[in-house]
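The structure appears below as structure tokens.
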Amino acid sequence: MLQDYPKPTLAVYKFTSCDGCQLAFLNAGVALLELTNLITIIHFAEAGFVAPTQAVDIAFVEGSISTLDEITRIQQIRAQSNYLITIGACATAGGIQALRNFAGSNNWLKDIYATSDTIDSLKTSYPISHYVKVDTELWGCPVNTAQVMVAIRSLLFNAAPQVKRDSVCMDCKRRGRVCILVSQQQSCMGPVTQTGCGSLCPGLNRACYGCYGPSENPNTQSLGAAFKKLGLSDVDVARQFHHINNQAPAFHQAGNRFKTIPIWVA
Amino acid sequence: MTTIHVPILARIEGEGALELTIRDQHIISLSLKIYEPPRLFEKFLEGRHYSELLDIVARICGICPVAYQMSAVHALEQCFGVLINPWVRMMRRLFYCGEWLESHSMHIHFLALPDFLGFPSALEMAKVYPIQLQQGLMLQALGNEVISFLGGRSVHPVGACVGGFYKAPSLIAAKKLLEKIKKSLFLAEALIHFTARLPLANNSHDFCSVALSHPTEYPFNEGSIKTTSDLSLDIKQFDQYFSEYQVAYSNALHCTLQGKNYLVGPLACININHQQLPEETRKLMKDLDLTFPSFNMFDSIIARALEIHFCLLEAIRILEGYFYPECAKVEVTPRAGIGYGCSEAPRGLLWHAYQLDENGMIQSARLVPPTSQNQARIEADLKQSLTQFGLNKSEDALRTYSEMLIRNYDPCISCSTHFLTLNLNRQ
């Protein structure tokens, strides 16, 4: 922590995103007011604080890198930040907009804009870690208030935040939920998806769709094979992995495998 | 010659900037730049299965995911010929109440109110007006709770599906929520009184309001597109009257109605639909001498407060009649065709169209969000209002006033950055 400030400083920076992860702060209610007693917010445009180039202790980054300008900006933010935390699927895995990486988005731009050369847009959308060092990655689309507040609390105690990487599947077992995959034959991503949401989807009687990204040691091949036994085609299975977190290495590779070669042999 | 550049607009959702050039007391150029990078949703929706659509379009906007899900679900159901049951219809209205509550109260106390009271941020404002911020946070939290009641969580909720909802909430949960909303009604009443007493300047313009309208209720999911110029259109006719075009300085397309700018959002909606508001809300309006239609853009904050009151009353009405349904969703069989969906998002009309094949795979998608519709109106407002304000004012004063004018529209720039395929032969 910088010692010059009476309180540690915090900033929230936005890149290519939907603004949903910043709501982990803006929806925090009374906790947000308490937070401002512990830290000083120096940049958080949506909340009314604008100081984009000021040095900061804790930098939260929302959004992926999808323009040339954003590459420059993230490098500057890295240089001015003590501890950099990505929040959400965009900042941590490139976001759903990284589906363009499979297509070559220049054609997509031309389909949408009459004059696409006035638009600053790269052919790719990549996570923050593709360009600069990231100290902690908080997964989830979106991250929730608890994840963010726990991380800040840890840092205020001078400890690196711990991120749980076990699966939604384990969370379901702990909560005593009936398995969606086994009992309803739905293609649930819970066995390979990181916990953190509270196994929301199985709790609502539907299959997990992987919005918290890959868990530790995910067996994507075995799960994909199980999905095929339920009647999904290889392309259907690939689409499950190439979804919200399509650039997270485990899901990216799994999707590619099912899309290109039918691997499963019974 | 003065050039004023506001590189980052604070207290708005998403990223925008303003450039203004003044020569000899005249505005030479004014551009609201939306530089939020495009995410190209309409392209990567192609080839996805209809069952994935609601989870994907939610990601367009973290502040109004329910609106995107609702416009999309109605488009799909129209295409497939799905008839939802009355329980689903009621729950969708309740779901939407939650989003208006959350979004409107966030706009009022985090984004707009600091302008009217002269503070740089809501947290600064809280030092002088702690009650106002706390009550606003309570309403926002209540909105989030209503969304979570049906959606599991408030940002990118997971409960809605084509045909209805994945799971019906329990009677106990409904009862608890109802009690909480009843206890919160006084907050909305206090908010209306507070906003009605704000010393709002007269920022009246001659503009056309556009909103969804329904014969018997204040609009959320269903109705026709109505305007204060007396048009009434089926949502399928959107393209015949509205057109979109690209401007070089912005990543969001502009949209006009028969060649003219127009307003969407709470003020437009209340201008058209104020007679559908509940009696209790209309009584408050009468007591406080609040009359609509209003063409003073600053009345938007009052329109939001009134809609918050309506949402609480509507949620109470729905929850008082809550029952556990036999089926939380109806059967869906995909078929090929085109489906249109239009709902009244917290920021105004949100129009979707999808083409699907017989297996329910999306062939093409078109989405027209509220902020791109309001862009031309915002620029017209700025030109007129800044001239009235006095172009000889200091750069700081002009900048602050411009920011206030823009924020008053609650532009949601993250959702204004996906665009339509331009049809150049449209005329």
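Numbers restart at 1 for each chain; the letters A, B, ... are given by sequence-line order, proteins then strands. All heavy atoms count here, side chains included; hydrogens, waters and symmetry mates do not.
Contact annotation for residues 131-141 of chain B against chain A (heavy-atom separation below 4.5 Å, listed by residue number): Leu133(B), Gln134(B), Leu137(B), Gln140(B).
A heavy-atom distance below 4.5 Å is found between the side chains of Tyr209(A) and Val158(B). Using a 4.5 Å heavy-atom threshold, the side chains of Ser64(A) and Arg39(B) count as separate.
Cys211(A) and Arg59(B) make their closest contact through CB-NH2, 3.6 Å (heavy atoms, listed as atom of the first residue, atom of the second, distance). Summarising the geometry of Pro37(B) relative to Glu70(A), their closest heavy-atom pair is CG-OE2, 3.4 Å, with the distance given to 0.1 Å. Taking all atoms of both residues into account, the shortest heavy-atom contact from Gln97(A) to Phe44(B) is CA-CE2, 3.7 Å. Nearest heavy-atom pair across Cys18(A) and Ile60(B) is CB-O, 3.6 Å. Taking each heavy atom of Ala47(A) and Ser121(B) in turn, the nearest pair found is O-CB, 3.4 Å. Closest non-hydrogen pair, Leu32(A) versus Phe110(B), comes out as CD2-CZ, 3.6 Å.
How far CG of Leu26(A) is from CG of Leu111(B): 8.0 Å, rounded to the nearest 0.5 Å. The distance from the CG atom of Asn205(A) to the NZ atom of Lys329(B) is 6.5 Å, given to the nearest 0.5 Å. The OG atom of Ser66(A) sits 8.5 Å away from the CG atom of Leu40(B) when rounded to the nearest 0.5 Å. Atoms CG and CG, on Leu204(A) and Leu150(B) in that order, are 9.5 Å from each other to the nearest 0.5 Å. One finds the CG atom of Asn27(A) at 7.0 Å from the CE atom of Met106(B) (value rounded to the nearest 0.5 Å).
With sequence neighbours left out, the side-chain hydrogen bond (donor to acceptor under 3.5 Å, both in side chains) criterion links Glu34(A) to no other residue. A search for side-chain contact (heavy atoms from CB on, under 4.5 Å) contacts involving Ala91(A) returns Thr86(A), Ile128(A), not counting sequence neighbours. Partners of Thr53(A) according to the side-chain contact (heavy atoms from CB on, under 4.5 Å) rule, which considers only residues two or more places apart in sequence or in another chain, are Gln76(A), Gln80(A).
For Cys141(A), the parts sitting under 4.5 Å from any heavy atom of chain B are the backbone and the side chain alike. Interface residue Leu23(A): only side-chain heavy atoms are found under 4.5 Å from chain B. Only the side chain of Met361(B) comes within less than 4.5 Å of a heavy atom in chain A; its backbone stays farther off.
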#### Entry: side chain to side chain contact (heavy atoms under 4.5 Å, CB included) between Arg48(B) and His243(A), worked out
CA-CA 10 Å; Arg48(B) 305 295 300 204; His243(A) 195 7; 3.5 Å; yes

Go through it in stages, so that I can follow the logic: the residues are Ile244(A) and His156(B), the test is side chain to side chain contact (heavy atoms under 4.5 Å, CB included), and I'd like the CA-CA distance, side-chain angles, deciding distance and then a yes or no. CA-CA 12 Å; Ile244(A) 308 279; His156(B) 306 332; over 6 Å; no

